[in-house]
Structures are given as C-alpha cells and as structure tokens.
Amino acid sequence: MPQRLPDTSTGTSADTAELPEPEPESPHAERLQELLAGLNEPQREAVTHGEGPLLILAGAGSGKTRVLTHRVAFLIYTEQARASEILAITFTNKAAEEMRGRVERLLSRGTRGMWLMTFHAACARILRAEAERLGYTRRFTIYDQADARRLIRRCIDELGIDPKRFTPAAIHSQISAAKNQLHAASDYREAAGSQFEELVADAYERYERELLRMNAMDFDDLLFRAVNVLELYEEVRSRYARAFRHVLVDEYQDTNHAQYRLLQLLVGGGRAPVRGERVQLEGHRNLAVVGDDSQSIYGFRCADIRNILDFRDDFPDARVIKLEQNYRSTQTILRAANAVITNNRGGIAKRLWSELGDGSPVHVRELEDEHAEARFVVGEIERLVDEDPTHPAHAEIAVLYRTNAMSRVIEDALVRREIAYQVIGGTKFYERAEIRDAIAYLSWLANPFDVVSFTRVANSPRRGLGQTSLARIVAHSATTGISVWEAAAAPAEIPGLGAAAVKSLTRFACTMAELAQLVEQRLPVGDLLEAVLSRTGYLEALEAETRGAAEKVIEAQGRIENLDQLVEVAREFDAAASEDDDSLDVFLQQLALVADADSRREDDGLVTLMTLHNAKGLEYPIVFIAGCEDGVFPHSRALDEGALEEERRLFYVGVTRTKRELYLTYARQRSVFGSPTYSLRSRFLDEIPAELTDCEEELVLSRAAPRARAAPRARAGTAAWTGHGRPGGWADSRAPDAPPGRAFRMGEDVVHAAFGEGVVTSVEPGGVIVVRFAGDGSERKLMAEHAPVRRVRSG
DNA sequence: ATCCTGATTTTTTTT
DNA sequence: AAATCAGGAT
C-alpha cells in the first residue's frame, strides 16, 4: 500500500556499499559479530555483500535460508536498509513464514513493515493500491484455479466450443501459460497458428472481458497486472523501486517470465533489449537471488530455468557466490543425489560435499503392491522408533510421494498401526465445498460484480434458484451493465424470471442487503462470517442434515466443524489485524493466497506425509520416497511431455531432503484408477551406483546390465495385457530420453496418411494418442511412435 | 427445480 | 476407487 511505503526521498548518503567490516564501536557491533559467527566463508561473503546484483548458487542443504535471513538482518544492523525497505520473496507461504520467524529471531524484534511474502502476495498487495489505474476497484476478487476454470467453462460454452473436444483445463493451461509469458489476449491472437490456438484466443479474449467485468483476477493476473501497472505508470514503478531498496529472492530458479520482468522493473537492469520489449531500466540494482538450477521443478508453471542461468547476462557485474558445503546429508546420500543429477545435461557445475561421514547405505526395497509398500514403510517407521540407537522421533520422519493421491494407502497403514501423522497439502481446507461457499458469500459482499461467487452461493442452501434462473439473472446484469448485486436486488426487472424465483430472490437479496449493512459498519470479519452463516440459513441447512439420513450425519457434522474452524481463523485475523477500513478485503485476499490452514507443525510427534514438490526446502533425518516406479516417478505424463529432466531434478530434491536414512521403495503392482497396473522400478533407482545401496544382489546384476532385473519383470508385465486392458503398461513408454519433439500434446493439429487432418484430443500412457479426425469426425487411438501421423506445422 | 442413477473421467506437481 | 457428469424420472 503506497501510504505505508516509506519516504525515501532523502538520498543515499552513508548507507551505501563499503561496510562488510563493522566499526568496533558501532552500537550493533556485538550483534554483527554474533550474526557472522558460524558462517562459512562463502556464506559470509554473501551475507555481507553490499549493494549491487548478487547471485548465490546454493546447492541443496548448503544453508541457503540461513544466508538469506542473515543477510536481511545484516542489512538492517548495518543500516543499509530499514525493515520497510526490504522486499524478500519466496515461492510458498510456508517458506515465507519460516523466513519471517527466523529473521525475527535474529533481530529479536518484529518484522512489521518488511515485505516478506510470496510473489503472488506481493503483487496482490501492490494491486490493491494500484488496480484502479487498470479499471478494477481495490476490492477486486482473486479467483483460484477452480473459480477460474468455472469461468472458462462458461466462456467456452458461450462460444459454442465443444468442451469434450477442448477441455476447459486444456484451454485454461494455454491461457495461463500465455499470461505467465506476459502475452495478452491480443498478443496470443496474433501468434495463433492453429485452429486450436484460434479457439483459445477466442476464449482468452472473452475470459479477460469477463474477469474485468467481474472485477476479478486469477492467480496469473496478479503477476501480469502488477507488471502492467508498473510498465504503464512510470511514477508507480519508480515509487516502488525506490521503496524497496533491497530485493531478495529465494528459489530464483523457479521464476517465470512475469516474475522475472517484475523484478527487473523493481530493481532495473535486464538483458539487451529484444525488439518491441522495453528493458534496460534505471534502478538501484540491489537484487540478491538465491537458487539452484538442479532444483528447478516448476516448469509446468512456466518457470524458466534460464532466468538463473543467464543472470550474469542481465547483470554482467553481478557477484556470484557458490555455496557447496552441505550441512545436511551424509556423503552416501550426496553421492547418490549427485550420481542421479549428472544424467541431466547442462546446468551449472557444482561439487557438493559434506563432512558428515558416509552413514548408512540407501535402502532400496521392492514390494508386491502399494499396500505391501505402505506396510513396509510403516513397519520400518515402528522399527526405527523402537530399535534404532538414535531413537528418532516420529517428527523426524517424512514420507514423500509423487502425487497426492498416493497418500491414501499410506495413511490407512499408519492409522491401522496407530501412528500419528500429518499430511501437508493434498485436499486443502480451503477447497472444501462448505469453506468455499462461506468465502463466496464474503466475496460477493465485498465485490458486487463477482458473478462466480454469486452463482456459487445463490442456491446454497437450496432456495429454488436453479441454473435457469441464475443464467437469467447473470444475463440481465450483463446486458444492462449493472452488477449482479444490483440485478439481484431488483428481481422484478429481470426478464423471464418465474414468479417463484422472483419471490425467492427477493428474500435472498434482502438478507444479503442486511449483511452488507454489517460490512458497512465494519463488523469484525469473525462476527460477519457468523452472521452470514446463520442469516443465510447455511448453518441451519447443515444442522438439519445432522438430524436426517444416517450416512450424511457425520459428513454434515464435519462440515459444521470446518466452518467453526473458519470462524476461528477469522477471529485470529481480527485479533492480529490493525483497525483497517478494509479488513474484509484483506482477509479475503489472505485466504485466496494461503493454500492450507492446517499447516506444518513441528516437534509434535507426527510423521509427515507430502508430495515431493511440497518437500522442497525442508529436511528430515529419515526420508521415505514411495512409488519409485517408471510411470509414477518419473510420472508418465512428464515422460510424454519430454520433461524427464525435470522429474530427475524432483528426484534429486527428494533425495537431498534426507539427513541420514533414505528409503526408496517401489511396488511391482499398483492400482491406478482402480485397476491394477504393472510397472518397472524407476530408472532413477538404476542411476544410483549400486555400492551406495543396501541391495546386494542388485550390486552384482546391475553392474553387469543395469536393467537385468527389470527385464524379466517386463515379461511379468505381460500380465498387464490380461490385467485391465492397458496394453504395454509403462514398459513401452520407456523409450529412454525420447526426443522431446516426438511427444504429441493435447490440442495439437496432426495429419495422418490415411485419415487426413485431425486434432490430438488426449495423450495416454504407453505412447498412445487419441486423434479426432476432421474428415469424418471419427476418433481413433494411435500409437504415436508407429502410426503414419505427423504434426502440422502451425502458422 | 431437484434428485437419482449410470456412465465417464480422473492423478501430476502449486501460487 | 472416488468424483464428477449427463440424462431422465419425479
């Protein structure tokens, strides 16, 4: 918020570069000594770097967060920056919280005023202050993935696009990618080469119009619009650029183009101008980025690894510091990780080393199926906790997996053995229907144009306002240009609305008008939320269910509990928040950007379960990685898309979470979508030198022929044919490192020697693609490798 | 408008 | 196996 931005008009006098060595009599001298003690040489160099660009290449476990937090403290102690002049960006809320806590401990005081948050949160904050310049109000709504997808679905319905042929998800991911490259709808249209891309352009244009009309932004817009506003208004850009005298970015390898551009706008610098691109900006260039190209795992979110690889092109004078000493893992684990990652090409050479000794070998286990795997993991956890000489606590153990769906079986096994655990991520608190309903009520109160929230809430609880009535209300608001709120307030004006619907809507609008009064009166959001839940009849409807049919009772009770929890969250917010005029907006913004309420707890005697992606940045003495099978990890879809190297980096991330004991397990058989699938052990397992593992038979065989053991199992995989009509299983998709050009993607235009032109409507495991042909409209499954089919060059 | 049922689809990964 | 969807009956 601009009013909170410090006045930095006073120039830069004493607080510039030259003070790595503190004056002995400086008031902070003692604290500075303390701060720098215990850092190794390169770490200290990074922490005490003065002004100007800084690239820290930080291998896994090399004390990256330590360097960042200490650097922030250093900047403040040496008075190179005040708290409010620091912008420190992380990728996840979890990381931001972690960092805030550690900085507070270092400074032994609060960090208020410091912008320590995710990219998205920082952008949202900038936009709440500046969005009016772009035609939004400051109370704009943030649509999450699900909301955005609903809206896209409506757009493509209205365009008459067959949602079977082009799914909302496929179109959304195209639009999302475009936004992350800072391509507006018009840019996308210009570049569109295929029929599919033309359709996406139509959808994109409409979607954008709708978002603006609804005064709403999706996640990608937060970045895109923030960049827009900084590019369009030099005065805004320079204000923020001056305000943030030091910008620090964690996980820089995961930045995408929009994020990259945002940073350039804030600090100046940038690559040589590309045609049509405005680069080369004035600025203080106090940008410190930390990252590890080997841990880049967000390519699917348009992360561009070149941002870190080319940092020195952007800032030729950048100081580059490598952190290569690992303080986390045993030598064995590091060797295993390094051995795997060397199979990737390119990247920045690093020599990670550790003084922690060899430790145990990597434990590799083959199990019959996912249930046996889960039992093994749980049994081993019990054994370690009871028998291991180090007596690890449950909290020191993490179980990692590739996809959220895999947690279930492991959870079951843990429950059976009565071991307490926590799942990070997965089914998120805020994705539950009742929570989303409650939030939608609040969103519509805050933003009367928010059609998505209105349609979610209007008939929940049941008020007899079905699809047809809702469509009429929305259409009326669109044609007359009034907000849905206003449209709903005057039901009689809406053409075609039935008498019953008019009556019902009148009542509903009245209730909402009353609640809007409460918003006007600045009721604390906790109280407001309670009022919403009771006056709209939402809670009542749920309570009615607890007295109804037996099966639904438990569920309804759970929902009520969840809502109580949300009220609790709101009350905590009220307690913490200052007396803001717009607390409802701030609260909603916070909810939109914080993924899960039940966040990670420590020292709680809980085993932790999470996806490999969620594990980034964390460490555990004991780590299990389950599902090390080709097709699962590396994921079959990643293989199809030629993203093997990214999967390998993900594996690297998983392995390097481990301090001491690493378990890699795989199952010969696993149920996928309810039907049994046979698979081979992950190729990544074979990339670990056998002498580092405890699987002795493997040692002999895999030296001779790495796939020797796998081969017979490939034949065992013949059962896949008898199994459940998934011919080939993963075995065929195994064509190692297939050139990325080979893989077909959904929506691509292709031409077949016999059937003519068509479009890829789905990509299946085993190199099978489904193509719908324009000629006769037929849909056929083809083996991508062998069928006489090729991609039509778009354009 | 709502509810039921059978069919179809879903699983990457996250802000 | 679970969740969502489409179509039809009430």
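Residue numbering restarts at 1 for every chain, and letters A, B, ... go by the order of the sequence lines. All values below come from the heavy atoms of this structure, side chains included, with hydrogens, waters and symmetry mates left out.
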Rounded distance in Å between the C1' positions of B:dT11 and C:dA6: 23 Å
Sugar-phosphate only, base, or nothing, as touched by A:Asp144 at under 4.0 Å among non-hydrogen atoms: nothing
d(OH, A:Tyr143; C1', B:dT15) in whole Å: 18 Å
Which residues share a salt bridge (Lys or Arg N to Asp or Glu O under 4.0 Å) with A:Asp254, sequence neighbours left out: A:Lys616
Phosphate contact (B:dT15 OP1 or OP2) by A:Asn93 side-chain N/O below 4.0 Å: no
Nearest to side-chain heavy atoms of A:His635, which nucleotide of C:dA2, B:dT11, B:dT14: B:dT11
Counterpart residues, salt bridge (Lys or Arg N to Asp or Glu O under 4.0 Å), relative to A:Glu540 (two or more places apart): none
Donor + acceptor pair across side chains of A:Gln295, A:Arg649 (<3.5 Å): no
I'd like a table of atom pairs between the protein and nucleotides 1-6 of chain B - only N or O on both sides, under 3.5 Å - with the distance next to each one.
{"unit_1": "B:dA1", "atom_1": "OP1", "unit_2": "A:Gly466", "atom_2": "N", "d": "3.4"}
{"unit_1": "B:dA1", "atom_1": "OP1", "unit_2": "A:Ser469", "atom_2": "OG", "d": "3.0"}
{"unit_1": "B:dA1", "atom_1": "OP2", "unit_2": "A:Thr468", "atom_2": "OG1", "d": "2.9"}
{"unit_1": "B:dT2", "atom_1": "OP1", "unit_2": "A:Gly464", "atom_2": "N", "d": "3.2"}
{"unit_1": "B:dT2", "atom_1": "OP2", "unit_2": "A:Asn459", "atom_2": "ND2", "d": "3.0"}
{"unit_1": "B:dC3", "atom_1": "OP2", "unit_2": "A:Arg462", "atom_2": "NE", "d": "3.1"}

Short side-chain N/O contact to B:dT14 OP1/OP2 from A:Thr611, under 4.0 Å: yes
Atom-to-atom span, CG of A:Asp250 to P of B:dT15 - whole angstrom: 14 Å
Exercise: do A:Asp218 and A:Tyr207 side chains pair donor with acceptor under 3.5 Å: yes
For atom CG of A:Leu593 and atom C1' of B:dT14, their distance in whole Å: 12 Å
Whole angstrom value for the distance that separates C1' of B:dT13 from CD1 of A:Ile625: 15 Å
Any side-chain donor near an acceptor of the partner, A:Ser460 and A:Asp437, under 3.5 Å: yes
Minimum-distance nucleotide (side-chain atoms of A:Arg153 versus C:dA6, C:dA2, B:dT13): C:dA6
Whole-Å distance separating the CZ atom of A:Arg637 from the P atom of B:dT13: 10 Å
Any side-chain donor near an acceptor of the partner, A:Arg225 and A:Asn228, under 3.5 Å: yes
Side-chain donor-acceptor contact under 3.5 Å, A:Thr611 with A:Asn404: no
Among B:dT13, B:dT11, C:dA6, the nucleotide that comes nearest once only the side chain of A:Asn404 is considered: B:dT13
A:Phe673 side-chain proximity, nearest of B:dT15, B:dT13, B:dT10: B:dT10
A:Gln590 CD to B:dT15 P, straight-line distance once rounded to whole Å: 15 Å
Residue whose closest nucleotide on DNA chain B lies nearer the 5' end, A:Ala638 versus A:Phe119: A:Ala638
Nucleotide B:dT15, atom C1' - distance to CG of A:Leu222 in whole Å: 9 Å
From CA spacing to verdict: ring pair (Phe, Tyr, Trp, His ring centres under 6.0 Å), A:His120, A:Phe91: CA-CA 8 Å; A:His120 288 82; A:Phe91 267 76; 8.3 Å; no
Touch class at under 4.0 angstrom, heavy-atom based, for A:Gln145 against every strand present: base
Atom-pair distance (CG on A:Leu400; P on B:dT14), nearest Å: 12 Å
